[in-house]
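Let me begin by presenting the structure, written as structure tokens, before commenting on it.
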Amino acid sequence: MRDWIAVIITVLGVLLVLAGATPILLRALPARSPAPVAAAPVADADDPAFEPAPVPVGARLASVWKEPTAADRLIFWGIVLLVLAAIAAGAITFNLGAAGGSVPATR
């Protein structure tokens with residue numbers, strides 16, 4: 001029974017991590033741009049057709065740490081489930097104990 005619980009938690013953890021990573025990676029991919037024009041006019045910021053320069057992929061990925069989204073929370077809970085699965089499977093063990101008794105006297 002312990003192994004079944006570990007397997008189920010592992011599968012759910014992996015699915016949560018993948019489900020969270022997919023929108024993050026899709027958001028980080030650069031948007032497709034049309035073919036370059038030979039002589040592109042200089043855009044004015046007041047022009048309604050003005051489009052700002054795309055944000056670099058590294059900056060987009062760094063923004064994930066600053067502003068966590070629902071996808072980031074999915075990844076977090078997936079990692080928590082994977083750790084719980086490792087504990088349930090016995091890959092991670094905790095040994096908490098205490099010893100009592102008399103201490104030998106020193107001379």
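By convention here, the first residue in the shown sequence is residue 1.
Clustering ILVMFWY residues whenever any of their side-chain heavy atoms sit less than 4.5 angstrom apart, transitively, puts Ile8 in the very cluster that holds Val80. In the hydrophobic clustering of this structure, Leu18 groups with Ile79; members are Ile, Leu, Val, Met, Phe, Trp, Tyr whose side-chain heavy atoms approach within less than 4.5 Å, directly or through other members.
Annotation: the span from Ile87 atom CD1 to Ile5 atom CD1 amounts to 13.5 Å, rounded to 0.5 Å. Remark: Trp77 CH2 to Leu84 CG distance equals 9.5 Å, nearest 0.5 Å. Here CD1 of Ile75 is found 10.0 Å from CG of Leu16. Values are rounded to the nearest 0.5 Å.
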Open item on the list: Is there a side-chain contact (heavy atoms from CB on, under 4.5 Å) between Val14 and Leu82? Walk through the geometry before answering.
Closed with: CA-CA 7 Å; Val14 169; Leu82 289 173; 3.9 Å; yes
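For the pair Leu74 and Val17, the minimum side-chain heavy-atom distance is 4.5 Å or more.
Smallest separation of non-hydrogen atoms from Ala85 and Thr10: CB-OG1, 3.1 Å.
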